[in-house]
Amino acid sequence: FPVTIPTGKDLKNSPEMNLLKVFNYIIQNLETRTNVSLLIKILNRLNQAKSKIVLVVYDAFLLDFNSEDGKDLLIDIMEIFNQHGYPARVKYGRDYDSLQQTTYL
């Protein structure tokens, strides 16, 4: 069963291929396409900022926020997520293990 996934790539038929694997490839492809689209928009917004994206994992984006960029930067990034129907939370901390919810926004 030849299958073309949303980005246009054709999946090759092989003995290991089954409908569940095809489904997983399609879901991963759509998630990756969405995350790359979000990442491009966020990177464009960060173009002249001191804040930087330092980690992207599955559905989480970790931003090393520089307070000199101001609260509006975080609000703009949250709006990018909201426009795509994704909830956004902002946490802060000295390192990844100590992140806490913020009242900054």
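Any value given below was found using the heavy atoms of this structure, including those in side chains, with hydrogens, waters and symmetry copies removed. Fair warning: this is a prediction, and the values are worked out from it, not measured in the lab.
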What do the steps show when you test N66 against S51 for side chain to side chain donor-acceptor pair (under 3.5 Å), and what is the final call? CA-CA 5 Å; N66 187 313; S51 300; 5.8 Å; no
I'd like to check [X] versus [Y] (side-chain heavy atoms, cut-off strictly below 4.5 Å). Are they in contact?
{"X": "L43", "Y": "N47", "answer": "no"}
{"X": "V56", "Y": "L39", "answer": "yes"}
{"X": "L74", "Y": "D69", "answer": "no"}

Reported [atom1]-to-[atom2] distance for the pair [X] and [Y], which is rounded to 0.5 angstrom:
{"X": "L46", "Y": "I53", "atom1": "CG", "atom2": "CD1", "result": "5.5 Å"}
{"X": "L62", "Y": "L99", "atom1": "CG", "atom2": "CG", "result": "7.0 Å"}
{"X": "Q28", "Y": "I5", "atom1": "CD", "atom2": "CD1", "result": "9.5 Å"}
{"X": "D72", "Y": "I77", "atom1": "CG", "atom2": "CD1", "result": "11.5 Å"}
{"X": "Q83", "Y": "L38", "atom1": "CD", "atom2": "CG", "result": "10.0 Å"}
{"X": "T34", "Y": "E31", "atom1": "OG1", "atom2": "CD", "result": "8.0 Å"}

What is the minimum heavy-atom distance between [X] and [Y], and which atoms define it?
{"X": "F81", "Y": "A88", "answer": "CB-CB, 4.0 Å"}
{"X": "N29", "Y": "P6", "answer": "OD1-CD, 3.4 Å"}
{"X": "H84", "Y": "I80", "answer": "ND1-O, 3.1 Å"}
{"X": "M17", "Y": "K12", "answer": "CE-O, 3.8 Å"}
{"X": "Y92", "Y": "Q101", "answer": "CE2-O, 3.6 Å"}
{"X": "P87", "Y": "N82", "answer": "CA-OD1, 4.4 Å"}

Please determine whether side chain to side chain contact (heavy atoms under 4.5 Å, CB included) holds for the pair F65 and V90, giving the CA-CA distance in whole Å, both sets of side-chain angles, and the decisive distance to 0.1 Å. CA-CA 10 Å; F65 176 67; V90 177; over 6 Å; no
Looking at R45 and D76, is there a salt bridge between them, counting it only when a charged N and a carboxylate O are closer than 4.0 Å? yes
Donor-acceptor pair, distance only, cut-off 3.5 Å: does the side chain of [X] make one with the backbone of [Y]?
{"X": "T102", "Y": "K91", "value": "no"}
{"X": "D64", "Y": "V54", "value": "no"}
{"X": "S37", "Y": "R33", "value": "no"}
{"X": "K52", "Y": "A49", "value": "yes"}

Quick one: do the D10 and T4 side chains pair a donor with an acceptor below 3.5 Å? yes
Consider only side-chain N and O atoms of D95 and S98, and report whether a donor and an acceptor are under 3.5 Å apart. yes
Single hit among L19, V22, N13 for side-chain contact (heavy atoms from CB on, under 4.5 Å) with V3: V22
Return yes when atom CZ of F61 has more than 12 non-hydrogen atoms of other residues, nucleotides or ligands closer than 6.0 Å, and no otherwise. yes
Tell me whether Y86 is reachable from I75 by hopping between hydrophobic residues (I, L, V, M, F, W, Y) whose side-chain heavy atoms are closer than 4.5 Å. yes
Assess the residue pair I42 and I40 against the criterion (side chain to side chain contact (heavy atoms under 4.5 Å, CB included)); give the C-alpha distance rounded to whole Å, side-chain angles, the decisive distance to 0.1 Å, and a yes or no. CA-CA 5 Å; I42 292 168; I40 289 168; over 6 Å; no
